[in-house]
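Structure record follows, encoded as structure tokens.
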Amino acid sequence: MGKVTNQAGRGNTPPRLSLERFLTWLRRHPEFGAFAGTVVVFIGFSITATRFLTPDSFAGILTVAAELGIVAAGITFLMISGEFDLSVGSVLGVAAMIFALTVKAGWPVLGSWIVALLASASIGLINGLIVTKTGIPSFITTLGAMMFWRGILLAVTKGFPIQFFPKTMPPMFFALNGRFVGQFRTSALWFLGIVLLINLILVRTRYGNAVYATGGNRDAARVLGVTTDRVKLINFVISAVLAGLAGCIQFARFLSIDPTRGVGLELEAIAAAVIGGTLLTGGAGNLVGTLFGVLLVGMVRSGLVQSGAPAYWYQAFVGLIVVVAVIVNTRLRRWALG
Amino acid sequence: MSDQPLVQMVKISKSFGTVQALKDVDFDVRRQEVMGLVGDNGAGKSTLIKILTGVYPPDSGEIYFEGKKVKVSSPKDARDLGIETVYQDLALIPLMSISRNFFLGREPVKQFGPVRLLDKRKMDETVKEVLAEIGIRVRSPDEEVAILSGGERQSVAIGRAVYFGAKLLILDEPTSALSIRETHKVLDYILEAKGRGLSIVFITHNIYHVYSVADRFTILEHGSKVAEFSKGEVSAEEIIEIIRSGHQVATDNNGGKS
Ligand SMILES: Nc1ncnc2c1ncn2[C@@H]1O[C@H](COP(=O)(O)OP(=O)(O)O)[C@@H](O)[C@H]1O
Ligand SMILES: [Mg+2]
């Protein structure tokens with residue numbers, strides 16, 4: 001990926017310090033910071049938490065990271081195109097609730113799943129249409145959507161959880177979030193597949209180029225022929241569908257859903273994307289960074305608990321990592337551009 | 001056929017709310033000529049070419065390209081006709097790599113079964129060649145545009161237009177943020193593009209920049225065309241005087257004259 005050649009232009013490029021070259025490479029690969037952070041935190045917990053280095057512990061981290069990561073993958077994609085989605089936590093709740101209610105009512109699980117995803121897509125489409133047609137910032141639009149859909153969810157369920165205890169587990173539930181080896185769950189495979197697919201789209205397709213251009217400079221992209229509104233609309237839908245998918249996957253794990261499920265998730269997902277080097281202002285980022293971002297967040301969550309620290313420390317720790325990550329990435333960028 | 005203009009814009013008008021940006025402006029560009037579109041800030045130069053390139057629809061007026069009446073309703077339409085534009089601030093996207101910028105919207109792809117993936121090698125090799133031609137040295141076409149200077153960015157954008165076989169190249173204030181040395185480089189590059197058969201519209205409010213390369217000039221003032229000259233007919237100082245006095249005429253009796 002980071003191939004560096006000396007052949008561009010005429011004549012010889014002056015010899016460069018290898019440290020400088022490394023830092024330049026680093027600027028183009030902000031995901032490396034998240035990777036390094038992951039390694040450091042990993043080593044730290046390996047020392048402080050006795051049961052950290054066990055397969056069950058890894059599986060626990062992956063279970064948390066995968067569900068967050070599927071949401072964060074969609075958020076990253078959308079953020080690169082220059083928009084936010086604060087409604088993903090509510091969409092996750094709505095999708096899980098639709099899934100739960102329809103499955104409980106005896107629908108075929110596959111059908112329920114598709115309906116839940118279609119409902120999520122519609123919410124994303126509405127978000128996208130409001131943002132692109134009215135020009136209201138996505139921060140406001142999706143803040144409204146977050147509260148609106150959460151309110152609907154609470155009103156419809158009157159605040160009560162929905163539970164579902166089938167006599168035999170439907171195969172679709174296994175596909176969504178079953179244990180396939182030891183404590184390892186299929187959600188990790190969904191997550192990995194989604195990361196690879198979206199990264200391929202970003203890095204190797206025309207659409208990916210349009211996404212970066214839309215977030216990098218919308219007006220420039222527009223005059224260069226990119227249909228930026230369409231790009232944003234599509235990415236709003238993808239972000240919502242992935243949140244909905246994560247909701248279904250969570251329901252397949254807990255077999256119950258309470259109407260506050262997913263509260264605060266949007267900020268965790270944005271944090272993971274930012275830790276991975278995605279710019280808040282759009283135009284830069286990738287899914288590899290987000291992958292390490294969510295691994296880091298997942299590790300912090302299980303590692304702290306296993307180290308015997310009260311769970312409250314989790315938020316403080318993640319907050320710290322976000323700020324440090326952004327400072328490092330910003331410094332690096334400014335340094336590299338002189 | 002050959003002395004028919006490449007582009008003819010006829011009686012173009014455009015208002016933004018209460019601001020009349022253009023009033024019945026006629027504008028034409030011949031084949032393989034550099035047309036200098038000049039006038040003070042706010043004269044309507046950018047608006048005129050944004051109408052030609054499909055960024056804004058005109059309120060009224062007609063556009064002919066190669067003799068045929070055309071409707072340019074999006075930047076993509078303009079590109080498809082062979083009109084490439086290099087905007088001062090919007091030439092390239094700084095956070096993206098040079099090669100991704102160069103091919104934005106027209107990326108070469110390879111078919112892999114049902115999917116089409118970017119042909120990265122072709123993109124990088126083409127960009128390396130173009131950069132070498134322009135004389136820009138970077139380590140890799142993968143470098144972000146942000147590392148290029150203003151003049152280098154303009155040159156890359158011009159190189160892109162030439163590479164994609166544009167018939168008309170429009171440059172909106174390409175030199176206004178550049179050093180003298182960089183300005184000369186861009187001016188040289190404009191003449192080279194003309195040598196390859198392109199027509200060029202060069203917009204600026206710096207007459208000295210455009211005078212050395214333009215074949216003809218169109219002068220706008222407060223949204224109206226006040227004069228049109230061939231290079232032999234006027235000196236740079238005379239053009240400056242017209243623009244300056246145009247101000248006075250316009251404020252004195254609300255009308256323009258040359
Ligand atoms: N998008 C717009 N909305 C409102 N007014 C505009 C817009 N674009 C240009 N104008 C106005 O139209 C006039 C001409 O502007 P412009 O074409 O940019 O001039 P120039 O490029 O010659 O400096 C100015 O008064 C400007 O304020
Ligand atoms: Mg202008």
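Chain letters run A, B, ... following the sequence lines, proteins first and then strands; every chain starts at 1.
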Taking B:R100 for the side chain and A:V203 for the main chain, is one N or O donor matched with an acceptor at less than 3.5 Å?
yes
Do B:T53 and A:V223 come close enough that some side-chain heavy atom pair is under 4.5 Å?
no
What's the spacing between B:L95 CG and A:T281 OG1 if we round to 0.5 Å?
7.0 Å
Chain B contact via A:L279 - side chain, backbone, both or neither, heavy atoms under 4.5 Å
side chain
Please examine the side chains of B:K76 and A:V226, heavy atoms only from C-beta on, and report whether any two atoms are closer than 4.5 Å.
no
How about B:M96 and A:N209: do any of their side-chain heavy atoms sit closer than 4.5 Å?
yes
Could you have a look at A:A221, A:A213, A:A284 and say which one has the most heavy-atom pairs with chain B under 4.5 angstrom?
A:A213
A:R204 and B:V109, any side-chain heavy atoms less than 4.5 Å apart
no
Between B:R79 and chain A, which part of the residue has a heavy atom less than 4.5 Å away: side chain, backbone, both or neither?
side chain
Applying side-chain contact (heavy atoms from CB on, under 4.5 Å) to A:I114 and not counting sequence neighbours gives A:L110, A:L118
Just checking B:K122: does its NZ atom have more than 12 heavy atoms from other residues, nucleotides or ligands closer to it than 6.0 angstrom?
no
To the nearest 0.5 Å, what is the distance between CG (B:L104) and CZ (A:R206)?
11.0 Å
Test side chain to side chain contact (heavy atoms under 4.5 Å, CB included) applied to A:L224 and B:R106, B:E84, B:R160, the passing residue:
B:R160
Side chains of A:T205 and B:R116: does their closest heavy-atom pair fall under 4.5 Å?
no
Which residues share a side chain to side chain donor-acceptor pair (under 3.5 Å) with A:S187, sequence neighbours left out
A:N177
